[in-house]
Number of protein chains: 2
Amino acid sequence: MMVLKRQITSHLNKKSKTRQRRGTNRTTMQDVAKQAQVSASTVSLYLRDPKGVSPSKASQIKAAIDKLNYVPNLLAGGLAATKTRVIAVIVPSLTNAFFAQTVSAMQRYLDQKGYQLLIGDSDYDEDKEYELAKTFLAWSPLGLVMTGAKHSDACERLLKSTQTKIVQTWELTASPDFFQVGFSHYNVGRLAASHLFSLGKKKVAYVAANLSFDRRATERGQGFCETWDRLAKEPPTIIDIEGQVSPVSGVKALSELLSQAQAFDAVFCSNDIIAMGLMLEATRRDINIPNTLSVISFGDLPFAEILSPGLTTIRPPSELIGQHAIDAILDSDTQNPRLLQGLSKEGKNAQVDLAFELVIRGSS
Amino acid sequence: MMVLKRQITSHLNKKSKTRQRRGTNRTTMQDVAKQAQVSASTVSLYLRDPKGVSPSKASQIKAAIDKLNYVPNLLAGGLAATKTRVIAVIVPSLTNAFFAQTVSAMQRYLDQKGYQLLIGDSDYDEDKEYELAKTFLAWSPLGLVMTGAKHSDACERLLKSTQTKIVQTWELTASPDFFQVGFSHYNVGRLAASHLFSLGKKKVAYVAANLSFDRRATERGQGFCETWDRLAKEPPTIIDIEGQVSPVSGVKALSELLSQAQAFDAVFCSNDIIAMGLMLEATRRDINIPNTLSVISFGDLPFAEILSPGLTTIRPPSELIGQHAIDAILDSDTQNPRLLQGLSKEGKNAQVDLAFELVIRGSS
DNA sequence: TTGAAAGCGCTAACAG
DNA sequence: CTGTTAGCGCTTTCAA
C-alpha cells in the first residue's frame, strides 16, 4: 500500500520518461493543476468556460496560469477534441492586392474570435494548390477557403472526400460542388461594355495580361466582348500581354494598341494595375484621356482615384467575400451563431452572389 | 486463449468507443497499416523516410494510402513528436506590399520543403501582436518570425520565455535580444540625403505619413535629416501626413509643401506609395520633376519604373529578409542543413545586415 | 462543481 | 527491416 502510494506520488512529481528523453520542458495543464491544487480536467473546464468552476478555484487557477506562464498546447487540444479553430485559405498570390484585401478582411473579421488563419499561396499553380490543400486538410481545419472554382481533378476529388467545410471564392459556377461566394465576372464585363456604349464609343479593345492563366479575367473579357458585339455589332479587339500582371503590361498594351491599323476610342482593362500602366504611358505620349481614349477597368485599387484623370473602374466586393466565406465556415460549426444576416446559406453548395459597383471618374 | 484472441481481433476491427461517440470517421494510419498488412509504425516510418522500409512493403503501403485516400493527422504527429513543421509569421499588414513580398518569398522558399506558414496580421497594433504571438506559440511552431524589433513588454517577456526560435525582421537594433535580419533604415536615409546633396539640391523635405506609428520610417527620416543637416548646414523640413499610408498622402503632402514659405527643390518620401501620389499631383499642377522638384523614395515597388519620370528609389531586400528569416529557423532545426551560405548565423541574437540598393531614375 | 479514466492519432525508442 | 510499447497534452464522458 505504501509502495503504491509512493509510486503515485512520484508519478505526479517527476517528468515522464518520454519528456525526460526529449528534454521537453513545456508547462502543461498538469503543472497548472498541481499549482492550483485542482485536477487537470478542472483547469480544462476553466479554460473553455471560466464560469463553469467555482469562483475560488477559478482564481486559484488563474493565479497558477499567470505564475507559470502557461500556454496551452493547441495540438493536444485539437487532437483530443478532433477539431481545431483553424481556418485554411489558399490564394493564387499574396502579393495580388485583391486577394490580400480578402485575406486581410478575413483576419479582421476573425479578430478576437480565437480562430487562426492558415494561409497558402499557390502561385497560380494547380499542382501547388493541390499540395497545399492536402497539407492544410491534415491540420483538421474547421474549413478550407479556396480561391476560384476550378481545381485539378485530384484536388477536386480530395475536396469532395473530406468532411471539412469547403468554400470557393471570387468565382461562381453553374452547378457548384461546394459553397461559393463571389460575383459574376461575366457581368462585370457586361457592365463595362454598356458603360462605354452609352458614352457613344465606337471602337473598343479589351486589354489583359496572361489571359490563358487568368480564368476570371477571361470571363470578364467574354462578358465585355459578347455584350459589345451585341450592342455595337462589332467584336472588340483583344490585347493579351504575356507575363505576370504589372503596370508594365499596360505600357506594352498601349504600344500594341497604337500599332494596330484602327484607332481605338476606348479600352476596358482587365484590372487597375494594367490600366495604371496604360494611362501613364498615354500621358507620356500625349494621348488625351478621356477625349482621345476612354479607359475603364476593374479593381478600384487605392491609386485609382489619384491618377489623372481619375480611373473609372468596377469595384469588386473583396472584403465582403472574405467575410462571407468565414461566415459560412463558422456557421457550419454549431458552436457559432450566424454573423452576417440576411443571406440564406443553406445547403452544402449554396451560392452567395455579391454586388459590384461601377465607380465613374474622369477616365471615361 | 480463444477469447483473448477474439478480443484482440475485435479491437482491431471496430472503431474505438470514443471514435464511435464522436462520429469521427477519419482514415488513420492504423487503417492504412491493416490494409497494407504491416504495423502502424512501419507506415509511420515509410511516411517519414520511404527508403527506410523494404521495397515490397513500401509499395503495399503506397497502394493502401492511395486506396484509402489517407491524409495524415498533423496534430497527432506534432503532438507525438513535440514539434511541428509550422513557421509562424506576424506582419503589421498583409496589404502592405513590402510585407506581402517578404511573406510571399518565405512561402516560395519553403515550397516543397513541407513546412507551413501560419500568418498573422497585427494591424500595426502591439496588443494584437501580443495576442497573435501567444496563440501562435500554442501551435508549437518551429519558429516565430516577428516584424520589427519593438514589442509590448508582455510580448517581449513571452518571446523571451519560449523555447521557440524567434526572428525579428525588417529592423536592426543596438543590443538585440533575438536573432535579427534586416538593414539599417538610418543608412537608407543617409543615402538619400547624400544623393540629393551630390545633385546640388539646396532646400529639401522629408515626406511621410503616420510617422508616430511607423518607427522604421521615423528612422529613415532621422538618417536623412541628420545627414542633410551635416552636409548642407540646415535641417530638412518634415511633412507628416496623418492617416494610413496611401497615394493620397502624397497628394496632400505636395499641397502642404507648396503652402510653405520656402520653395523646395527636392523631397525624400518615406515610401513609393507616397511618392507616387506626390508625383502624380505634381504632374497635375505642372510642376516639373526633376527640374523644379527632385523626388527620391524608398521601396522600388513595381510601378516605380513606369512613373514619368521614373522614380529614383532605394530598394529594400524584401525577399532576402524572408529567406534569411526562414533559413535561421530551419538552421536551428538540426534536421536541416544551412540553406543560404556565407553568413555566420551563430548565436541566439546574431544579426544579418542586408544590403539595399539605390535605383536612380529620372525623378532625381 | 469536481475528478478519474479513456482515449484523440501519431512518433520514437527499443527489442527482435 | 519490422513490430511492440509507451507516451505527447489535452478533451470529454461519467460518476461521485
Side-chain angles (χ1 to χ4, degrees), chain A residues 8 11-12 14-34 36-58 60-61 68 70-85 138-140 335, chain B residues 8 11-12 14-34 36-58 60-61 68 70-85 138-140 335:
Chain A
I8 289 175
H11 164 257
L12 283 176
K14 273 200 221 157
K15 280 188 296 185
S16 80
K17 267 179 291 177
T18 306
R19 299 192 80 199
Q20 280 187 313
R21 236 194 299 112
R22 309 252 181 95
T24 311
N25 237 334
R26 197 190 239 282
T27 303
T28 69
M29 191 176 267
Q30 199 54 252
D31 299 328
V32 175
K34 212 188 337 172
Q37 318 234 47
V38 295
S39 75
S41 48
T42 305
V43 177
S44 173
L45 181 60
Y46 168 81
L47 253 23
R48 263 165 305 116
D49 175 24
K51 290 168 295 303
V53 304
S54 65
S56 70
K57 302 243 172 198
Q60 283 169 230
I61 294 172
L68 298 178
Y70 171 64
V71 176
N73 185 331
L74 259 26
L75 292 172
L79 178 58
T82 60
K83 79 170 174 199
T84 62
R85 290 171 83 82
W139 284 99
S140 312
Q335 307 271 302
Chain B
I8 291 175
H11 164 258
L12 283 175
K14 273 199 222 156
K15 279 190 295 185
S16 81
K17 266 178 290 178
T18 305
R19 299 193 78 200
Q20 278 187 313
R21 238 192 298 113
R22 309 251 181 97
T24 311
N25 235 335
R26 199 188 237 282
T27 303
T28 69
M29 192 176 268
Q30 200 53 253
D31 300 327
V32 174
K34 211 188 340 170
Q37 320 235 44
V38 296
S39 76
S41 54
T42 305
V43 176
S44 173
L45 181 60
Y46 168 80
L47 253 23
R48 266 165 304 117
D49 175 24
K51 290 170 291 307
V53 303
S54 66
S56 68
K57 303 241 171 198
Q60 284 169 227
I61 294 172
L68 300 178
Y70 172 64
V71 177
N73 185 331
L74 259 26
L75 293 171
L79 177 58
T82 60
K83 79 169 172 197
T84 63
R85 291 170 83 83
W139 285 100
S140 312
Q335 307 270 302

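Order of the sequence lines fixes the chain letters, A, B, ..., with proteins taken first and strands second; residue numbering starts at 1 for each chain. Predicted model, so just to flag it, every value in this text is computed and none were measured.
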[X] side chain, from C-beta outward: closest of [options]:
X        : options                  : answer
Ser44(A) : dT11(C), dT12(D), dG9(D) : dT12(D)
Asn73(A) : dG9(D), dG3(C), dT4(D)   : dG9(D)
Leu79(B) : dT4(D), dG9(C), dT11(D)  : dG9(C)

Does anything in residues 49-57 of chain A come within less than 4.0 Å of DNA chain D? Heavy atoms only, and list the residues if so.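 Those residues whose heavy atoms fall under 4.0 Å from DNA chain D, taken from residues 49-57 of chain A, amount to none.
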Do Ser41(B) and dT11(C) share a donor-acceptor pair, side chain to base, under 3.5 Å? no
Is a donor-acceptor contact shorter than 3.5 angstrom present between the side chain of Thr42(B) and the base of dG3(D)?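 No pair found.
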Would you say Met29(B) and Leu47(B) make side-chain contact, with heavy atoms under 4.5 Å? yes
Round to a whole Å and report the spacing from [atom1] of [X] to [atom2] of [N].
X        : N       : atom1 : atom2 : value
Gln30(A) : dA5(C)  : CD    : C1'   : 13 Å
Met29(A) : dT12(D) : CE    : C1'   : 12 Å
Arg26(B) : dC10(C) : CZ    : P     : 7 Å
Leu45(B) : dT2(D)  : CG    : C1'   : 9 Å
Leu47(A) : dT12(D) : CG    : P     : 12 Å
Lys83(B) : dG9(D)  : NZ    : P     : 15 Å

Categorize [X] for me: base, sugar-phosphate, or nothing, with a 4.0 angstrom heavy-atom threshold over every strand shown.
X        : value
Tyr46(B) : nothing
Thr28(A) : sugar-phosphate
Leu74(B) : nothing

Can a donor-acceptor pair be found, under 3.5 Å and without considering hydrogens, that links the side chain of Arg26(B) to the backbone of Val71(B)?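 At least one qualifying donor-acceptor pair exists.
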Check whether any side-chain N or O of Thr84(B) sits under 3.5 Å from a backbone N or O of Gly78(B) as a donor-acceptor pair, and report yes or no. no
On DNA chain D, compare the nucleotides closest to Ala40(B) and Ala76(B); which residue's is nearer the 5' end?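 Whichever sits nearer the 5' end wins; that is Ala40(B).
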Tell me the closest heavy-atom pair linking [X] and [Y], and the distance in Å.
X        : Y        : result
Ala36(A) : Gln60(A) : O-NE2, 2.6 Å
Leu79(B) : Leu75(A) : N-CD1, 4.1 Å
Lys57(A) : Gln37(A) : NZ-O, 4.4 Å

Going by atom types alone, do Ser41(A) and Ser44(A) pair a side-chain donor with an acceptor below 3.5 Å?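 Short answer, no.
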Taking only side-chain N and O atoms of Tyr70(B), does any of them lie within less than 4.0 angstrom of OP1 or OP2 on dC10(C)?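 The answer is yes; a side-chain N or O of Tyr70(B) sits under 4.0 Å from OP1 or OP2.
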Determine: side-chain N/O of Arg48(A) to OP1/OP2 of dC10(D), distance under 4.0 Å, yes or no. no
